Structures are given as C-alpha cells and as structure tokens.
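Each remark here refers to the structure printed beneath this line.
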Amino acid sequence: MMQHTDNAADAARRLLSWYDRHHRDLPWRISPPMARDGVVADPYHIWLSEVMLQQTTVQAVKPYFHKFLTLWPKVTDLASADTEEVMKAWAGLGYYARARNLKKCAEAVARDHGGVFPDTEEGLKALPGIGDYTAAAVSAIAFNRQSAVLDGNVERVISRLYAIETPLPSAKPEMRALVARMTPADRPGDFAQGMMDLGATICTPKRPACALCPLNADCLALKMADPETFPRKAAKKDKPLRVGAAFVASGPDGAVYLRKRAETGLLGGMTEVPGTAWTSRIDGDNTIEAQPFAAAWEPCGTITHVFTHFELRLSVYRANVAIRDKSGNGWWEPLASLEAQALPTVMKKAIAQAIPHAFKAGTN
DNA sequence: AACGCGGGGAG
DNA sequence: CTCCCAGCGTT
C-alpha cells in the first residue's frame with residue numbers, strides 16, 4: 001500500500017533543496033551550509049535589511065545597508081544617533097516614515113530590551129515599524145522560529161501553487177494559513193528566504209520559469225490555467241496630476257536656501273526648497289505668496305516626479321541674490337554639502353533644474 | 001477595509 | 001507606458 005505523503009511537507013523539502021543549490025548571496029544572509037551548522041544571522045542586520053526591503057528592491061537596498069552598518073555598527077549606536085543624520089543617510093530610499101520608525105525602534109530596543117531584540121513574533125510586532133511580515137521574517141530568519149512569512153513574493157508563489165481565485169488583499173489570511181501549514185519546523189528561516197528567492201527569480205510576475213521550478217509538479221495554476229494571471233488583484237485607481245512651483249535661491253557664494261518639511265505626511269521630516277502647495281490646478285496668487293523672500297525670480301523650466309498616488313509637475317524658479325535673507329525658517333546650505341542633505345529625489349530634481357552642476361553624477 | 005506613503009528597475 | 005518590489009501605520 002502506498003505510504004501517505006503530506007504534499008505540503010514534501011513541497012517544503014523540495015523548496016529547501018532548491019534553496020541550497022540556487023539561493024542568492026546577499027549581504028545580510030547566512031549561507032545555507034553555515035545556517036545548517038547552526039550559525040544564525042545578527043538580528044540587527046536582519047531587522048535593518050527587512051525594514052529597508054519593505055516595498056523596495058534588493059538592488060536598491062544594498063548600498064544603504066552597507067552605509068548604515070558603517071555609520072552605526074550596533075543597534076545601540078543607531079539608538080543614540082541624531083535623527084537628522086539618520087534621515088540624511090536614508091535620503092533617496094523612499095517611504096521616509098520607515099526611517100523615523102527605524103530610529104524609534106532602535107531606541108525602544110536599547111531602552112526597553114537592554115539592546116537585545118525580542119525573539120518572538122509578538123515581541124517584535126510591538127516595536128515601531130515592525131508589522132506582520134517583518135515580525136515573522138526576523139523571527140524565522142534571525143531566531144529560527146517556525147513563523148509564517150508572507151510577502152509579495154510568497155503571495156505570488158502561494159497564489160499559483162493553490163490557484164487562489166480570491167483577489168488580494170482579501171486573500172491574505174487564506175494565504176498565510178497555507179504558508180503556515182507548509183513552513184517546516186526545521187530551517188524555517190531558510191524556507192522563508194527560499195520562498196522569497198523563488199518568487200524573485202523563478203515564479204516571477206511576468207513569464208515565470210515554470211520548467212525550472214521545484215514546485216511545478218504541485219502547481220495548480222500551472223496545471224489548470226495560466227500562472228501569469230495569478231495572484232488575482234483588485235483593480236487599482238488612476239493617478240491624478242498635481243502641480244506647483246519651487247524656488248531655488250542661490251546666495252553670493254552659491255549656497256542654496258533650504259528648509260525642513262513637517263515631521264509627518266508626504267516626505268515628512270525631509271529637507272526641501274521653498275515652494276507652493278501641490279494642488280490640482282495652478283494658482284497664480286500662491287506662486288507669489290510661496291516665494292521665501294523678494295528676489296528676481298525667473299522661470300527655468302519644469303520637472304516631473306511620480307509618487308505612489310499622484311504625479312507632480314513642478315515649475316522651477318531660480319534667483320541669484322547678493323545678500324542672504326535670514327528672515328525665514330530656512331538656512332543657506334553650501335553647494336559642496338548639498339549632496340549630504342536629507343533631500344528627497346523630487347527636491348534634487350528641482351535643484352538640478354535650476355543649478356545643473358549642483359550634484360555631481362555618481363555620488364550617493 | 002481603504003488609504004497615504006518613494007523611488008527605481010524590468011518588460 | 002505598466003507593473004511591482006522581503007509593507008506599515010492611520011483612519
């Protein structure tokens with residue numbers, strides 16, 4: 001008589017075997033041979049990488065990961081760092097609330113946990129910036145706990161493996177349960193990383209390489225339909241256009257007038273050049289009012305930038321002033337140190353439009 | 001449950 | 001162009 005085999009457990013074994021042979025080599029990762037010898041990654045490294053990787057590609061994260069570890073080798077170093085320095089180091093990576101929460105989380109770990117990360121999902125999830133995914137990922141990867149890790153990659157793999165018709169995000173609880181059933185007690189961290197590597201390299205959004213997939217024998221989407229049509233997703237809304245004006249002032253020595261944005265909301269806590277509010281239509285009065293001080297402002301073209309939920313078109317104005325105005329809340333930043341400021345990409349674009357030589361190519 | 005929140009690479 | 005990326009916090 002045929003021995004009954006658990007499909008999920010068998011699939012997990014094949015996934016781990018594939019991971020042993022085809023895993024990616026990443027800066028924060030312990031290689032499978034070492035992991036099997038019981039070597040575990042530094043929770044600080046795993047946490048830092050996971051926060052940076054939220055909605056962000058591996059390639060974009062790598063240089064920032066190295067920069068942060070150089071500046072702040074231990075979580076206690078990050079906890080005692082100046083928040084403004086953290087924002088400067090994060091500039092360009094996006095989703096800046098992550099940087100604010102990163103700092104708060106480091107402070108909480110240092111203050112409330114003696115500088116040691118909690119080793120359970122519940123303990124981790126109580127910290128700022130750590131949600132379902134990151135808590136499970138750190139728990140599994142850094143503490144070898146049997147946590148169900150569900151990110152965008154795993155959602156795609158699971159949705160195809162089980163041909164889940166429920167659209168995202170409604171399908172997440174169902175998917176999480178299936179991942180939990182599949183996650184092995186042995187090497188749960190490598191299993192989680194293997195599922196994510198599979199989603200990133202084989203079970204891709206477009207043209208998945210099903211012939212190379214270790215799970216192709218189990219995949220219902222491959223068997224019944226077109227894997228590429230999974231996961232099902234709710235229709236997304238279109239992006240409105242917003243417009244505004246930005247003012248780039250150069251002092252007699254080339255210094256640029258900057259100011260700080262509000263702590264919360266869009267680009268919260270980051271640095272900017274003065275400008276109008278960003279609205280659905282141009283308001284001439286606003287364009288006058290938003291000037292930080294009286295000067296011979298001259299138009300120098302427009303720049304476009306796409307945010308998550310709207311597209312922005314900024315009219316850029318520049319002025320060369322003989323005397324530094326000191327009446328406002330801003331400051332005059334020397335051209336040489338402009339690159340090191342907490343300037344989001346849209347602001348760098350605006351400054352570069354007014355002062356083409358402001359940023360050297362290849363830096364940062 | 002829906003929305004706000006960056007930036008960049010792949011196809 | 002469109003899609004989507006090791007999602008989280010707020011409402």
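Computed from heavy atoms alone, side chains included, the values below leave out hydrogens, waters and symmetry copies. Please read all numbers here as calculations on a predicted model, not as lab measurements. Every chain is numbered from 1 and lettered A, B, ... according to where its sequence line falls, protein lines coming before strand lines.
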Q: Quick one: label Ile130(A) by what it contacts on the DNA or RNA (base, sugar-phosphate, nothing), any heavy atom closer than 4.0 Å.
A: sugar-phosphate

Q. Can you name the closest pair of heavy atoms from Ala354(A) and Val316(A) and give their distance?
A. CB-CG1, 4.0 Å

Q.
Classify Pro169(A) by what it touches in the nucleic acid, base, sugar-phosphate, or nothing, heavy-atom distance under 4.0 Å.
A. nothing

Q: Take the protein atom CZ of Arg176(A) and the nucleotide atom P of dG7(C), then report the distance between them rounded to whole Å.
A: 12 Å

Q: Return the orientation label for the Phe307(A) and His305(A) ring planes: parallel under 30°, perpendicular over 60°, tilted otherwise.
A: perpendicular

Q.
Quick check on DNA chain B: between Ser170(A) and Phe310(A), whose nearest nucleotide comes earlier from the 5' end?
A. Ser170(A)

Q) Taking atom P of dA6(C) as reference, at what distance in whole Å does atom CH2 of Trp28(A) sit? A) 10 Å

Q: Please report, rounded to the nearest Å, how far the P atom of dA6(C) is from the CD atom of Glu155(A).
A: 12 Å

Q | Joint cluster assignment, Tyr95(A) & Leu78(A), ILVMFWY side-chain distance < 4.5 Å | A | no

Q: I would like to know whether Arg261(A) and Glu272(A) meet salt bridge (charged side-chain N to carboxylate O under 4.0 Å, His left out); could you show each step before the answer?
A: CA-CA 7 Å; Arg261(A) 292 177 64 87; Glu272(A) 67 173 4; 2.8 Å; yes

Q | Leu69(A) reachable from Trp72(A) in the ILVMFWY side-chain graph, under 4.5 Å edges | A | yes

Q: Would you kindly give the CD1-to-P distance between Ile141(A) and dA6(C), to the nearest whole Å?
A: 12 Å

(Q) Reading DNA chain B from 5' to 3', where do the contacts with chain A start and stop? Cut-off is 4.0 Å to heavy atoms. (A) dC3(B) to dG8(B)

Q) Base, sugar-phosphate, or nothing for Leu26(A), non-hydrogen atoms under 4.0 angstrom? A) base

Q) Would Leu222(A) and Leu198(A) show up in the same hydrophobic cluster when neighbours are defined by side-chain heavy atoms closer than 4.5 Å? A) no

(Q) Under 4.0 Å, heavy atoms only, any strand: does Thr308(A) hit a base, just the sugar-phosphate, or nothing? (A) base

Q. Separation of Tyr133(A) atom OH from dG7(C) atom P, in whole Å?
A. 6 Å

Q) Between Tyr317(A) and Phe247(A), what is the ring plane arrangement, given parallel below 30°, perpendicular above 60°, and tilted in between? A) parallel

Q.
Could you tell me how far dT11(C) sits from dG6(B) if I compare only their P atoms? Round to whole Å.
A. 16 Å

Provide a list of protein-nucleic acid N or O atom pairs under 3.5 angstrom, restricted to nucleotides 2-5 of chain C.
unit_1, atom_1, unit_2, atom_2, d
dC5(C), OP1, Arg156(A), NH1, 2.7

Q: May I have the distance from Leu198(A) (atom CG) to dA6(C) (atom P), rounded to whole angstrom?
A: 12 Å

Q | Verify same cluster id: Ile30(A), Phe143(A) (apolar side-chain graph, 4.5 Å) | A | no

Q: Give a yes or no on whether Met270(A) and Phe359(A) share a hydrophobic cluster (residues Ile, Leu, Val, Met, Phe, Trp, Tyr; joining criterion: side-chain heavy atoms under 4.5 Å apart).
A: yes

**Q.** Main-chain N/O of Asp218(A) paired to Lys223(A) side chain as donor or acceptor, under 3.5 Å
**A.** no

Q) For Tyr96(A) and dG7(C), what is the distance between atoms OH and P respectively, to the nearest whole Å? A) 18 Å

Q. Quantified in whole Å, what is the C1' atom distance between nucleotide dG8(B) and nucleotide dG9(C)?
A. 24 Å

Q. Nearest-Å distance, NZ (Lys104(A)) to P (dT10(C))?
A. 8 Å

**Q.** Nearest-angstrom distance, P atom, dG11(B) to dA6(C)
**A.** 13 Å

Q: Remember a base hit wins even if backbone is also touched, and classify Lys237(A) as base, sugar-phosphate or nothing at under 4.0 Å, heavy atoms.
A: sugar-phosphate

